[in-house]
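First up is the structure itself, then whatever we jot down about it.
Chain letters run A, B, ... following the sequence lines, proteins first and then strands; every chain starts at 1.
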Protein chains: 2
Amino acid sequence: MKKLFGGPGTVSGLILRIGQCLFASASIGTMASSSYFSSFTAFCYLIASMGLQVLWSLGLACLDVYALRLKRRLHNPILVSLFAVGDWVTATLSLAAACSSAGVLELYIRDFELCKAHPELGCDGFQISTGLAFITWSLVAISSLVMIRMLGSI
Amino acid sequence: MKKLFGGPGTVSGLILRIGQCLFASASIGTMASSSYFSSFTAFCYLIASMGLQVLWSLGLACLDVYALRLKRRLHNPILVSLFAVGDWVTATLSLAAACSSAGVLELYIRDFELCKAHPELGCDGFQISTGLAFITWSLVAISSLVMIRMLGSI
């Protein structure tokens with residue numbers, strides 16, 4: 001199995017995982033600190049999805065640290081299959097959450113201009129949180145593509 | 001390069017492409033026949049994204065028919081790379097469109113119950129169209145995963 005940039009047990013893979021954790025946590029923090037977020041199912045789903053992403057990425061970051069410290073290779077086909085499926089599922093859920101929030105925001109900001117009429121809604125916080133969720137998704141998408149590519153070379 | 005279910009130039013691949021075209025066209029038709037869809041950016045984006053999907057899948061379906069009729073193999077690495085990138089991009093756009101529409105629908109149906117209060121909006125049409133977009137995405141996701149897996153085995 002080829003050793004790829006962002007693969008499991010590599011420094012680049014660990015950096016990707018840490019980035020995913022940080023951006024997902026920042027997205028949760030910004031959304032949770034915004035008022036009225038609980039009135040919108042899409043925003044609650046964003047928090048749930050980013051929470052799952054933090055747990056998954058943190059787990060794999062710990063595994064990367066273990067592999068790097070003990071100089072172990074995590075290129076076992078069963079492990080890579082598990083990482084590939086997990087990354088693909090979490091990437092899909094993250095994109096779905098970010099896009100559903102973006103759809104709602106588009107409606108509020110552009111279509112009906114409700115954010116301008118009701119500044120107390122705190123749309124800026126929702127926007128920042130959604131942007132951070134998109135960054136998280138792009139990092140998970142990289143990991144996911146690397147894993148599927150590694151799986152193909154088994 | 002391994003011959004996989006749903007790969008280019010196979011009967012299963014052709015069936016997948018025809019399915020993608022049909023469901024994407026049905027999604028466009030249902031959305032375009034609903035009143036008021038043009039007031040929502042998310043629904044307009046759904047039509048644009050499904051339109052792109054129809055064009056892409058139709059092009060690849062024609063290529064599959066050509067390969068099957070002339071018994072040619074479409075396993076050239078450059079071609080497969082092009083298919084993999086195109087499928088991944090269109091799958092991501094389809095999921096993004098379906099999820100942003102679902103986010104808006106969730107807001108209208110559940111959060112603020114506007115569909116019940118305003119039946120003239122025709123939320124049923126929006127729901128059916130979004131459902132069809134999700135089916136289209138699942139079919140494109142299968143093609144995309146097959147292509148990335150084939151790419152990994154080059």
Find out whether [X] and [Y] are in side-chain contact, i.e. whether some heavy atom of one side chain is under 4.5 Å from a heavy atom of the other.
X: B/V85; Y: B/L82; value: no
X: A/S144; Y: A/I148; value: yes
X: A/R17; Y: A/S143; value: yes

| query | Counting only heavy atoms not in B/F43, do more than 12 fall under 6.0 Å of its CZ? | reply |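 Enclosed: over 12 neighbouring heavy atoms sit under 6.0 Å from CZ of B/F43.
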| What class does the angle between the rings of A/W137 and A/F134 fall in, given that below 30° is parallel, 30 to 60° is tilted and above 60° is perpendicular? |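 The arrangement is perpendicular - the two ring planes meet at more than 60°.
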| task | Take A/F37 and A/F126 through the ring-ring contact (aromatic ring centres under 6.0 Å, His included) test and state the conclusion after the steps. | result | CA-CA 8 Å; A/F37 85 89; A/F126 298 150; 7.8 Å; no
| request: Spell out, yes or no, whether A/M150 and A/V140 are grouped together once hydrophobic residues are joined by side-chain heavy atoms under 4.5 Å, including indirect joins. | output: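 Different clusters.
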| query | For A/L14 and A/I18, what are the C-alpha separation, side-chain angles and deciding distance, and is it a side-chain contact (heavy atoms from CB on, under 4.5 Å)? | reply | CA-CA 6 Å; A/L14 177 63; A/I18 292 171; 3.9 Å; yes
| task | Tell me, with the steps shown, if B/L46 and B/S129 meet side-chain contact (heavy atoms from CB on, under 4.5 Å). | result | CA-CA 9 Å; B/L46 186 92; B/S129 175; 3.2 Å; yes
| task | Residue by residue, scan residues 96-113 of chain A and write down, ordered by number, those that have a heavy-atom distance under 4.5 Å to chain B; if none do, write 'none'. | result |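 So far as heavy atoms go, A/A96, A/C99, A/S100, A/G103, A/V104, A/E106, A/L107, A/Y108, A/R110, A/D111, A/F112 are the residues that approach chain B to under 4.5 Å.
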| chain B neighbours within residues 47-72 of chain A, where any heavy atom lies under 4.5 Å away |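 The list, in residue order, is empty: none.
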